[in-house]
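Okay, so here's the structure we're looking at.
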There are 2 protein chains.
Amino acid sequence: MRVALAQINTTVGDVWGNVEKAASALERALEDGADLVAFPELTITGYPPEDLLLRPDFIRANLEGLEEFAGRVPEGVIAAVGFVDLAGDLYNSCALVSGGEVLHRYHKHYLPNYGVFDENRYFREGEGVPVLSVDGSLAGVNVCEDIWYPGGPAREQALAGASVLINISASPYSRRKGLFRERMLAVRASDYGCYVFFCNLVGGQDELVFDGHSVAIDPQGRLLARARQFEEDLLVLDIHPEEALIHRLHDPRPRKENPGGSPVVVEGPSLIQKKPQEGIEPRVEELLPEEGEVLEALTLGLRDYFQKNGFSRAVLGLSGGVDSSLSAAIAARALGPENVTGVLLPSRYTSQGSNTDALALAKNLGIEVLEIPIEPAFSAYGEMLADAFRGLPEDVTEENLQSRIRGNVLMALSNKFGWILLSTGNKSEMSVGYSTLYGDSAGGFAVIKDVPKTLVYRICRHINETEGREVIPKSVLTKEPSAELREGQKDTDSLPPYEVLDPILEAYIEEDKGVGEIVAEGYDEEDVRRVVRMVDAAEYKRRQAPIGIKVTSRAFGRDRRMPITNRYRERRPKL
Amino acid sequence: MRVALAQINTTVGDVWGNVEKAASALERALEDGADLVAFPELTITGYPPEDLLLRPDFIRANLEGLEEFAGRVPEGVIAAVGFVDLAGDLYNSCALVSGGEVLHRYHKHYLPNYGVFDENRYFREGEGVPVLSVDGSLAGVNVCEDIWYPGGPAREQALAGASVLINISASPYSRRKGLFRERMLAVRASDYGCYVFFCNLVGGQDELVFDGHSVAIDPQGRLLARARQFEEDLLVLDIHPEEALIHRLHDPRPRKENPGGSPVVVEGPSLIQKKPQEGIEPRVEELLPEEGEVLEALTLGLRDYFQKNGFSRAVLGLSGGVDSSLSAAIAARALGPENVTGVLLPSRYTSQGSNTDALALAKNLGIEVLEIPIEPAFSAYGEMLADAFRGLPEDVTEENLQSRIRGNVLMALSNKFGWILLSTGNKSEMSVGYSTLYGDSAGGFAVIKDVPKTLVYRICRHINETEGREVIPKSVLTKEPSAELREGQKDTDSLPPYEVLDPILEAYIEEDKGVGEIVAEGYDEEDVRRVVRMVDAAEYKRRQAPIGIKVTSRAFGRDRRMPITNRYRERRPKL
């Protein structure tokens, strides 16, 4: 049996585009002689469609899309394709299609409703775990979350005799998740004595990137094939369902646990005897290192945000700092350097070194540069506010004003030329509110908003290493971070050093630890309390920030839903 | 039996503050001779605590808070108080407390996970429907959503013999919802043959306002008492559980449907024989008309956002238009006129009438006024951008720039003086993106973001009528709406008239109708398509907007979760 995993990049809402893309991947799989072709979860609608699912006209369009796709599937082959079924209620579903007909509609059992997921908002939980009979072998099809539960439908299908499990997924990326997922799938395969095929979505959708990384695993839990990360791919390989049976006859576990009775079997087609095919050598793509993985996630996320929304050109401010440098480098990779404009916006506090570094970076990347000094506007505001501010000392107001003038200039370029403004703040800054609302936080997309500062440095070094040249100028990586909004300012005036700040933030935000637990890990109590206060107080700023790609296990946005109005303080007040 | 509904205004996260507030309401109820005192849902944590619920230290604090509160409840009385129970998993719970002890922990069965609700994200569904035995009568306690299901736990408790049902709730406000809810509760009471006590939360929490409007209903479905809307209240009344029994013996429905068997009964305390009390005349508060209701919701929501976050003063731009006028009027009501500063920010396009109207409004409200012309900054930007824009005509860029200069000036005042900037856009504008990001949309709180333009006018007229004077100057209400960002500009240059726009928006956004269905209601197809396109395209702007109070059945924000990247178009393309 030849199985193809069509790891395609669908677009939310684009029913007819998704149908065409799936149909063309199907065609290529058939040219390769595939008998069974799997697609990602919710192929037809894209994932996640969010509240589009509450619109009847959208559900209908999706059903028409499925029908259209089914018409493209010839006899003697089977396609497993994701769609939204309307059967009294809505179900996140996988259709088994052959010869123009939908043979079966499997309804996802386990609906994720944590982290970035809201599936209980839309879907009803499915029931029943039929298996598909194909030329004397049994196969089980299930959807994403279903295989994460060790006692879920995948197990039931295996116990019912399935030699092959096909899981269609839309499993979003976060760092270090790929191998964790692969390990889980390997254990499922060996626990159940089945081949496991995992077909994942690839592509960017707003805050999420789906990393592809589809795999095929044999009944002993060995990796047979692995598709590319962060790219479309078609992974084709041959298996012998009989081998799963042999394996299972030697493993007491599936036999002892078999509940008995007759499984519900969907009759599949007889596979058409293809003309003798050449054997296919299973392909195992190498995995990227962590920095490379995050870099590719950000690149794909940014590229897809632009392409899927019909944008082509980006603009961003270049300060000579590490954040804008990395953001520009990612934009150049994602969109092509010819589509990126960097803008130097010097003020009276901008050092010569910052300008030099920014220009060197732009040259290394091959992007266009503009230079627009902000003094005229800064003086004008000073004049306009002189009356209202009379007698008051300068403070953060004047710092924010500089940042907001930069935001205005960049937005004016965006409006005039149709360029999308990228904001360049990192996760450490976003966490503690070290940014100016409507200033440096302005933009349509925040490229590195979920990348902690220490990881920003690591990715920059990774780029320089893999490119074998100094893309990010060395001085950008070695100088002390500064917002340059007043004389001699350094980030460490307001924040602990990033090597201390980042682990505290990770413990508080990604791991939901309390102050006591973080202090117990060896951090200074005053530091921890101050950081926690800053994180809580910055919630209103984050709520108005542009979206950006999730790369950590807990990103701001749909992944972490904190109230702005929040009077929780860990210490019980003296009563 | 004397029952008190303690309709209190809790604060999310403020465990110890909430305990104190509940304890002091309890004290007052006891002074009034109450036997049974009910509080709103999740009394101890506030509602909704969102992802605070994922923090173990917060859950522990809430359990300590419950213990502290229980210690304040004397013997011979019962309190029904909301908290988060940790019993293997988390439950949205109601504790029955008496004599310092928790007699029972009821776990909410039905977890809302639609609209603004995410309870499946946090809680496990409860099981079991015990009834509480109190001096020979049975009472059933349940939580919010539980009573919305006609076949849910409230029914089971009634069939088990409960004469009294107590529902503790956090039911958020949207317009026209109060009477709808009251009607449902009345039918539950008469269907089940029970007294129904509904104790609702009151207060603002970020985007939500809880409207209070607690009620007591007799076994025939007649309203006995109604608490105030949008204010804290303590509603006390006497009932005779025996009357419910008499009523039920005459109604075949509870008797025929009784499943038989013995209900699970929690033994309540013997009610202490209070010294003979005077009878209490049940109080039925009058309901506000729709405009008044929305006005009070906005006022309370704004006031609580300020108070609960520790802010006192607000600043906003006054354009002389109806939106900023209403926003200022609400701010003056919510915070006191002495805490509001209105700023006139005239440009070359500002008409004399606008300035006059803005000054008249400020005078009527008694708020402080500043005037800061924006020309100096506008010229400075023109100079700074001259090179980059050489040879290009003026367009929306220059319009946005004016709006952003105003945003900057207002934010500078906010930064310098610690005033919170209010943004003043209405829902019609938010829907179609008729606003400038970082310009007029800037602010910490968007007072009328969920109020359609036609309702803005109605509320203004309502204010003038109820105050018996022209608070909002008449010319503000009669002149044609204009953003005044270029010569002779009118809103209708870019938009259909609001009388046409608003119903299209309501159909598309609140009712999720498709283009075809809206056209079928009699609207011009080109208008409908254009509006729908504008709404879809403005999603990225809304994502960066400040929060504001939900008053419609579908507000932007947590209530409507649309993807930004969304290629759904209703018309199937020609293939």
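These numbers were taken from a predicted model, which means no experiment stands behind them. Every chain is numbered from 1 and lettered A, B, ... according to where its sequence line falls, protein lines coming before strand lines.
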Could you look at A/E511 and say if it's the side chain, the backbone, both or neither that has a heavy atom under 4.5 Å from chain B? neither
Just by distance, with hydrogens left out, do A/Y381 and B/N408 show a side-chain donor and acceptor under 3.5 Å apart? yes
Quick one: does B/F306's side chain get under 4.5 Å of B/R303's, heavy atoms only? no
Does the side chain of B/I44 come within less than 4.5 Å of B/V19's, by heavy atoms? yes
Please flag which part of A/P112 lies under 4.5 Å from any non-hydrogen atom of chain B: side chain, backbone, both or neither. neither
What part of A/A545 gets closer than 4.5 Å to chain B, counting heavy atoms only: side chain, backbone, both or neither? backbone
Highest number of heavy-atom pairs under 4.5 Å with chain B among A/G46, A/A380, A/P546 belongs to A/P546
Quick check for you: among B/G516, B/A442, B/P373, B/S414, which has the greatest number of heavy-atom pairs under 4.5 Å with chain A? B/A442
Considering only heavy atoms and a distance below 4.5 Å, find which of B/A377, B/A537, B/P56, B/G17 pairs most often with chain A. B/A377
Is the ring pair A/F58/B/Y568 parallel, tilted or perpendicular, if the boundaries are 30 and 60 degrees? perpendicular
Minimum heavy-atom distance B/K416-A/P393, with the two atoms named: NZ-O, 3.0 Å
With chain B as the partner, which of A/I374, A/N18, A/L370, A/V396 has the greatest number of non-hydrogen pairs under 4.5 Å? A/I374
B/Y305 and B/D206: side-chain donor and acceptor closer than 3.5 Å? no
Is the shortest side-chain heavy-atom distance between A/I509 and A/R560 below 4.5 Å? yes
Specify which of A/L401, A/T45, A/D395 makes the most heavy-atom pairs with chain B at under 4.5 Å. A/D395
For chain B, find which of A/L53, A/D51, A/N415 contributes the most heavy-atom pairs closer than 4.5 angstrom. A/D51
Min side-chain heavy-atom separation A/W16-A/E64 under 4.5 Å: yes
Applying a strict 4.5 Å limit to non-hydrogen atoms, the region of A/E371 in contact with chain B is neither
Answer key: most heavy-atom pairs under 4.5 Å with chain B among A/F117, A/F417, A/F445 is A/F417
Contact origin within A/L52 toward chain B - heavy atom pairs under 4.5 Å: both
Go through B/V515, B/V15, B/L392 and name the one with the most non-hydrogen pairs under 4.5 angstrom from chain A. B/L392
Interchain contact, B/I372 with chain A, by part (heavy-atom threshold 4.5 Å): side chain
Residue, of B/L437, B/D57, B/N120, that accumulates the most heavy atom pairs under 4.5 Å with chain A: B/D57
Do B/P563 and B/E539 have side chains that get closer than 4.5 Å, going by heavy atoms? no
For chain A, which of B/R561, B/R60, B/M411 has the most heavy-atom pairs under 4.5 Å? B/R561
Nearest 0.5 angstrom please: A/Q544 CD to B/R543 CZ, how far? 13.5 Å
Can a side-chain donor-acceptor contact be found between A/N9 and A/D304 if the only test is distance below 3.5 angstrom? yes
Any B/L302 side-chain heavy atom under 4.5 Å of B/I549 side chain: no
With respect to chain B, which residue among A/L111, A/N113, A/T565 yields the maximal number of heavy-atom pairs within a distance under 4.5 Å? A/T565
Checking heavy atoms, do the side chain of A/N62, its backbone, both or neither come under 4.5 Å from chain B? neither
Any luck finding a side-chain donor-acceptor pair between A/Y508 and A/R554 under 3.5 Å? no
Pick one of side chain, backbone, both or neither for B/E375, based on which atoms fall under 4.5 Å of a heavy atom in chain A. neither
Bottom line for A/Q307: the part with an atom under 4.5 Å from chain B's heavy atoms is backbone
So for A/L385, is it side chain, backbone, both, or neither that comes closer than 4.5 Å to the heavy atoms of chain B? side chain
